[in-house]
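Ligands are counted one by one from 1 in listed order, and the atoms in each one are counted from 1 as well. It should be emphasised that the depicted structure is a prediction, and the values quoted were computed from it without experimental measurement.
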Amino acid sequence: MKRILSGIQPSGKLHIGNYFGMMHPMVRHMETAELYVFIVDLHALTSVHDRDRLRQGTLEAAADFLALGLDPERCIFWVQSDVPEVCELSWLLSVLTPMGLLERCHAYKDKVAKNIAASHGLFAYPVLMAADILLYQAEVVPVGKDQKQHVEVARDIAIRFNNTFGETFVIPEPEIDETTAIVPGLDGQKMSKSYDNTIPIFLDEKALRKRVMAIQTDATPVEAPKDPSTCNLYALLKLFAPEDKMREVHDLYINGGAAYGYLKQDLFELINDYFAPARARKKELLDNPDYLRQILAKGAEKARAKATVTLERVRDRMGLKY
Ligand code: TYM
């Protein structure tokens, strides 16, 4: 059985990019893998400095996963900060991490390019992520394309560690499904909490309709042929529509007759139907936060037992046991 691990930040409402890039693949892997799923609140602290928002975001992310079908009996599901060993490993890995490796990371470079004051935490973000992955000896890490580079940093650090201190870490592989690697947002850029272009998974009907109607499209007249490969509405429809429906839509794009307004209405209905059962379950789960806390505490206990085994080995290899 492969050991598969991935995490998500509780820094805002989870959206359909998160769903197709990571949550859906993770729930599917539950059938056949030893699965580790966690909510990365320590990473979220690089952007969220509001106590209530972080606490609520963490509980909501837990409810989202459970509502979408994650079964805590068949995986290890926890909150990152409940296993503080990860911070120690992060430091131990940081002494082997070249500055240049981190300076090349997009998330950090983007902030610097936008003149946003980047914190040391943001700079060191990939090292903490490497610690997340290596602490549990994960073999496969399902992510969207934006996180590929960070998994590669984790691989690089693991290889350096093994070469310096002897075989210790499993070298992880990113897993990226090309059809959902970059889900576009309302404006056609990558869907992202930080661009305010998302379609959150758990919106009520009215808000969802409003979001879908706000998808930006070009001004081509209805009768004119359109290029499906450059249309974000088309890309979003493709995620939800059955194949026969998509063939029809494709013909309309190629031959003319694709009316964006009608297609948006179709998309709204498809998304709404797709997530309606999960939306009802989420509501029930959020009504019982103690139940969520209990599940997360149990998960943290299991995760911690695994983490301490790796960390003891690392400490020993590095000479911290005297
Ligand atoms: P985060 O919270 O930004 O995103 C969670 C997952 O959703 C994917 N994703 C997307 N996939 C396709 N299209 C999109 N538009 C889109 N937007 C987001 C992300 O690629 C990600 O897989 N650094 C990670 C969290 C993390 C982690 C880890 C992941 C911390 N430690 C260890 C794996 C292993 C992040 O910020 O994800």
Side-chain angles (χ1 to χ4, degrees), residues 3-27 29 35-48 54 57-58 60-61 64-65 68 76 78-81 83 86-87 89-90 93 102 105-108 110-111 121-122 124-155 157-158 170 172-201 232 235-236 238-239 303 307:
R3 186 174 286 185
I4 300 185
L5 166 149
S6 199
I8 197 157
Q9 293 193 69
S11 54
K13 290 198 184 314
L14 301 186
H15 53 73
I16 61 176
N18 298 132
Y19 177 75
F20 285 105
M22 182 271 198
M23 301 172 91
H24 183 55
M26 289 303 275
V27 171
H29 279 314
L35 197 72
Y36 290 67
V37 189
F38 55 118
I39 300 168
V40 299
D41 56 347
L42 295 170
H43 278 108
L45 281 173
T46 56
S47 61
V48 180
L54 189 61
T58 301
E60 287 220 16
D64 288 358
F65 256 115
L68 290 168
I76 302 186
W78 78 104
V79 175
Q80 185 187 32
S81 66
V83 183
V86 75
C87 293
L89 183 61
S90 183
L93 299 178
L102 301 181
C105 286
H106 305 305
Y108 173 73
D110 288 352
K111 295 249 165 162
L122 189 78
Y125 183 112
V127 185
L128 181 58
M129 182 157 157
D132 281 334
I133 296 169
L134 304 183
L135 190 56
Y136 302 100
Q137 306 281 17
E139 295 166 85
V140 179
V141 184
V143 285
K145 203 161 194 163
D146 60 333
Q147 293 299 317
K148 183 168 183 251
Q149 188 184 31
H150 286 161
V151 180
E152 283 162 358
V153 168
R155 283 176 64 84
I157 296 175
V170 170
E173 296 274 353
E175 179 190 79
I176 298 171
D177 177 346
E178 283 308 321
T179 57
T180 53
I182 308 178
V183 174
L186 303 183
D187 55 359
Q189 293 189 78
K190 183 196 82 160
M191 187 174 289
S192 165
K193 289 165 218 153
S194 43
Y195 301 155
D196 191 23
N197 66 355
T198 69
I199 303 178
I201 301 171
N232 51 333
L236 289 167
K238 211 167 159 199
L239 295 171

Any side-chain heavy-atom pair of Lys13 and Thr198 under 4.5 Å:
no

Please, which pairs that meet salt bridge (charged side-chain N to carboxylate O under 4.0 Å, His left out) have at least one residue in residues 15-26, sequence neighbours excluded?
none

So which residues, sorted by chain and number, lie with a heavy atom under 4.0 Å of ligand 1?
Leu5, Ser6, Gly7, Ile8, Gln9, His15, Gly17, Asn18, Gly21, Met22, Phe38, Val40, His43, Tyr125, Met129, Asp132, Ile133, Val141, Val143, Gly144, Asp146, Gln147, Thr180, Ala181, Ile182, Val183, Lys190, Met191, Lys193

With sequence neighbours excluded, residues passing ring pair (Phe, Tyr, Trp, His ring centres under 6.0 Å) with Tyr136
Tyr36, Trp78

What residue pairs, at least two apart or across chains, pass salt bridge (charged side-chain N to carboxylate O under 4.0 Å, His left out) with a residue in residues 176-185?
Lys145-Glu178

Check whether any side-chain heavy atom of Val153 sits under 4.5 Å from a side-chain heavy atom of Met129, and report yes or no.
no

Can you tell if the side chain of Met22 reaches within under 4.5 Å of the side chain of Val143, non-hydrogen atoms only?
no

